Number of protein chains: 2
Amino acid sequence: MARWDPNPRLRLVRAAIDLFAEQGYDDTTVAQIAARAGLSKATFFRHFPDKREVLFAGQEAHSTLLAEGATAAPPDATPLEAVAAALDHATASFTDEQRGFGPRLRAVVAAHDELREREAFKRAGLAAALAAALRDRGVPDTTARLAADLGVEAFHLGYTRWTDVDADDDAATYPALARRALDELRAAAAALH
Amino acid sequence: MARWDPNPRLRLVRAAIDLFAEQGYDDTTVAQIAARAGLSKATFFRHFPDKREVLFAGQEAHSTLLAEGATAAPPDATPLEAVAAALDHATASFTDEQRGFGPRLRAVVAAHDELREREAFKRAGLAAALAAALRDRGVPDTTARLAADLGVEAFHLGYTRWTDVDADDDAATYPALARRALDELRAAAAALH
DNA sequence: TACGGTGATGAGACAGAGTCTCATCGAGCT
DNA sequence: AGCTCGATGAGACTCTGTCTCATCACCGTA
């Protein structure tokens, strides 16, 4: 696993998750991550803008998928139906390896403000992208933002349940769990006023 | 304005906002901020855990105020009425100096991901505190989170309008603007399903 | 007035994050 | 073999953030 092997990015991600689980996030330096991946510190920063980002890479792709899904929904779909379509589209691409990383990822992030901060930011990015897609469908701004917030909350709630090892129902796919979460949120929102 | 003068914290905040406006956030070092406040770098980090935080200090106080306001609402108040009470309580304490900082603050934050990230995190903290207060009133978890999200969104929307120099209607107080924003959000949420 | 205790500050060393420049390497093309 | 181009490594550098220790102002007390 050295210098000129393929997939340097993925090697860095795996090395980082392993080291964070072994010795903690704070006690792991970027140089150590790079070394385990057979690379140098400089190369790490060519692939990721900072140390936190190695755990959140690919979130931009999720933004794109959510927006695509919402845009591709039938023209007469309601805002929340478009959000459901966005969830279907975005959750379909997740892999088993991503599911496997889930528990370790959540444990590390939960333990460090630095990482929870990045998570909150990424989440805001997802909501903004989804809201923009809804606005392009003609949904008014405030409605679009609220619907997008529900969608992103369902996206995360579904992810949490999908990667929860204590409740590993193999029939529960990520798309199905996200849909169910959205239904719950919709019901709660309807009961709000 | 040197070493043993009073209010070192506030002096640091003012120095930071001034320098960020003058030379930009990236080109301002912590040492420079401390020097302008007549203090040393070490003392800056005694008052703020990191460079970003000098712009967001006091957000914990807002969390407390929001929670207090929600808790103090009449027992028979609906979740959204409790949120309105929380906004009344939290927005009442803002000063004219805070209003004056608003435009510069928003401009600096908007220009740097690093700061927008911290803002998103603080926002999540406010929402969590408000949601916890609502849960303590007996509001179900999901409902509490949604209502809290609306409240925090109204809190920020109201702040933006209150500190918008282009629309400085002196009769528009922060509490009134926050209330109005909450009403708009409530209407949009009701129209969602 | 002198003295001692306490908390805030400064000075400076230090490790790690993140940036930058330049040399080197491998792959593909001619 | 020689050339080009993109990816990498090496290493210097600045700044953030931490830590230790000495110093200073203030306050109470003798």
Side-chain angles (χ1 to χ4, degrees), chain A residues 1-57 108-109 111-119 121-122, chain B residues 1-20 22-57 59 108-109 111-119 121-122:
Chain A
M1 206 47 98
R3 194 162 174 182
W4 295 100
D5 288 355
N7 277 323
R9 236 182 122 87
L10 185 55
R11 275 155 52 204
L12 286 166
V13 171
R14 287 177 176 149
I17 292 181
D18 285 348
L19 284 168
F20 293 164
E22 286 171 24
Q23 23 174 279
Y25 177 81
D26 287 332
D27 292 335
T28 302
T29 68
V30 170
Q32 287 176 336
I33 299 170
R36 176 165 300 202
L39 297 167
S40 72
K41 189 184 85 165
T43 298
F44 179 97
F45 287 110
R46 285 193 185 95
H47 288 279
F48 305 101
D50 57 49
K51 182 181 171 184
R52 305 157 206 81
E53 192 65 11
V54 71
L55 293 178
F56 296 94
V108 178
V109 172
H112 297 274
D113 278 359
E114 203 176 338
L115 296 174
R116 298 202 300 135
E117 191 169 350
R118 176 60 51 86
E119 189 179 41
F121 190 47
K122 291 293 180 175
Chain B
M1 206 48 96
R3 194 162 174 182
W4 296 101
D5 288 354
N7 278 323
R9 236 183 121 87
L10 185 54
R11 274 154 54 204
L12 286 166
V13 171
R14 288 177 176 149
I17 292 181
D18 285 348
L19 282 167
F20 293 164
E22 286 171 22
Q23 21 173 279
Y25 177 81
D26 286 332
D27 291 336
T28 301
T29 69
V30 170
Q32 288 176 334
I33 299 170
R36 175 166 301 203
L39 296 167
S40 73
K41 190 187 80 165
T43 297
F44 179 97
F45 286 111
R46 285 194 184 94
H47 288 279
F48 305 100
D50 57 48
K51 181 180 171 185
R52 304 155 207 79
E53 193 64 13
V54 71
L55 294 177
F56 297 95
Q59 293 280 104
V108 178
V109 172
H112 297 274
D113 278 359
E114 202 175 338
L115 296 174
R116 299 203 300 136
E117 192 169 350
R118 176 60 51 87
E119 189 179 41
F121 191 47
K122 291 292 180 176

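These numbers were taken from a predicted model, which means no experiment stands behind them. Residue numbers begin at 1 in each chain, while the letters A, B, ... track the order of the sequences.
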### Between CZ on residue B:R116 and CZ on residue A:F121, distance to nearest 0.5 Å
4.5 Å
### Message
Does D:dT8 have its OP1 or OP2 closer than 4.0 Å to a side-chain nitrogen or oxygen of A:T43?
### Response
no
### Task
Look at the side chain of B:R46 against the base of D:dG17 and say whether a donor-acceptor pair falls under 3.5 Å; ignore hydrogens and angles.
no
### Task
Take the protein atom CG of A:N7 and the nucleotide atom P of D:dT8, then report the distance between them rounded to whole Å.
11 Å
### Task
Mind checking side chain to side chain donor-acceptor pair (under 3.5 Å) for B:Q23 and listing every partner two or more places apart, or none if nothing turns up?
B:T28
### Message
Enumerate the salt bridge (Lys or Arg N to Asp or Glu O under 4.0 Å) contacts for residues 20-29 of chain A, please, sequence neighbours excluded, ordered by first and then second residue.
### Response
A:E22-A:R36
### Query
To the nearest Å, how far apart are A:D27 CG and C:dA15 P?
15 Å
### Partner set under side-chain contact (heavy atoms from CB on, under 4.5 Å) for A:V13, not counting sequence neighbours
A:I17, A:F48, A:V54
### Message
Using five base pairs at each end to define the local axes, how bent is the helix from C:dT1-D:dA30 to C:dT30-D:dA1, to the nearest 10°?
### Response
0°
#### Entry: Nearest-angstrom distance from the residue atom CG of B:D50 to P of C:dG18
13 Å
## Note on the structure
Rounded to whole Å, CZ of B:R9 lies from P of C:dG7 at a distance of 19 Å
### Summary
note: A:F45, atom CZ; D:dC13, atom C1'; distance rounded to Å ~ 14 Å
### base_contact_polar (C:dG16 base, A:K51 side chain, donor-acceptor, <3.5 Å)
no
### Task
Please state how far atom CZ in A:R52 lies from atom P in C:dA17, giving the value in whole angstrom units.
10 Å
### B:D113 CG - C:dG18 P separation (whole Å)
14 Å
### Query
According to a strict under-4.0 Å criterion, is A:H47 in side-chain N/O contact with OP1 or OP2 of D:dA7?
no
### Task
Please list, chain by chain and in numerical order, all residues satisfying side-chain contact (heavy atoms from CB on, under 4.5 Å) with B:Y25, sequence neighbours excluded.
B:F20, B:K51, B:R52, B:V108, B:H112, B:E114, B:L115
### Query
Is the base of D:dG9 touched by the side chain of A:K41 through a donor-acceptor pair closer than 3.5 angstrom?
no
### Task
Go through the structure and list residues passing side-chain contact (heavy atoms from CB on, under 4.5 Å) with A:T43, not counting sequence neighbours.
A:L39, A:S40, A:R46, A:H47
## Note on the structure
Of A:A42 and A:D26, the one whose closest nucleotide on DNA chain C sits nearer the 5' end is A:D26
### Query
B:E114 has an atom CD; how far is it from atom C1' of D:dT16, in whole Å?
10 Å
### Message
For B:L55 and B:R118: C-alpha separation, side-chain torsions, deciding distance, then whether side-chain contact (heavy atoms from CB on, under 4.5 Å) applies.
### Response
CA-CA 10 Å; B:L55 294 177; B:R118 176 60 51 87; over 6 Å; no
